[in-house]
Novice: 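Attaching a single structure in structure tokens format; questions to follow.
Every number for a ligand or one of its atoms is a count from 1 in the order of the listing. Just so it is clear, the values below take in all heavy atoms, side chains as well, and ignore hydrogens, waters and symmetry mates.
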Amino acid sequence: MIKGSCLCGAITFSTDATPEGVSMCHCSQCRKQSGGIWSSAFVPETALTITGEVSWYAASDAAKRGSCPTCGSFLFWKAHDEDTISFALGAVDGPTGLTLEKHIFMADKGDYYDIADGLPQKD
Ligand SMILES: [Zn+2]
Ligand SMILES: [Zn+2]
């Protein structure tokens with residue numbers, strides 16, 4: 001069981017499913033919304049229990065982004081045409097038990113850091 005929460009605690013989430021796609025996203029939208037790299041994994045939407053009022057923002061036609069309206073934590077990412085939902089690994093309470101698989105949207109990566117972990121990097 002993975003449990004997580006936003007910074008102020010108004011929103012919580014939990015799942016019994018085994019998360020997939022453990023990644024760090026370097027895209028400009030995640031950079032702006034999170035203030036840096038957004039680390040996430042996804043589960044079937046039906047397998048994620050969310051409590052509290054999430055503020056959803058559609059930064060593009062493809063997906064919406066969920067955050068806490070009080071503290072601003074960027075918690076969820078949901079593509080309109082997929083039945084999975086991504087949650088922020090940084091918001092998980094306690095160990096995740098997961099291991100990073102890849103870096104994505106490297107073309108948008110900031111110029112102030114380098115990545116040397118040897119994992120796959122995708123544009
Ligand atoms: Zn909050
Ligand atoms: Zn991103």
Novice: Can you give me the SG-the Zn ion (ligand 1)-SG angle for Cys6 and Cys68, to 10°?
Specialist: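 So the angle at the metal works out to 110°.
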Novice: Need one value: angle at the Zn ion (ligand 2), Cys27 atom SG versus Cys30 atom SG, rounded to 10 degrees.
Specialist: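 Approximately 110° at the metal, rounded to tens of degrees.
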Novice: Kindly indicate whether the side chain of Ile11, heavy atoms from C-beta on, has any atom under 4.5 Å from the side chain of Pro69.
Specialist: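 Yes, side chains in contact.
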Novice: Taking backbone and side chain together, does His26 place any N/O/S atom at a distance below 2.8 Å from the Zn ion (ligand 2)?
Specialist: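 False for His26.
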Novice: For Asp117 versus His103, what's the shortest heavy-atom pair and its separation?
Specialist: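 Answer, listing the atom of Asp117 first, then His103: OD2-NE2, 2.7 Å.
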Novice: Could you check whether any side-chain heavy atom of Tyr113 comes within less than 4.5 Å of a side-chain heavy atom of His26, counting everything from C-beta outward?
Specialist: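 Answer yes - side chains close enough.
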Novice: Tell me, yes or no, whether the heavy-atom count around Phe74 atom CZ, taken from other residues, nucleotides or ligands under 6.0 Å, exceeds 12.
Specialist: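 Correct, the count exceeds 12.
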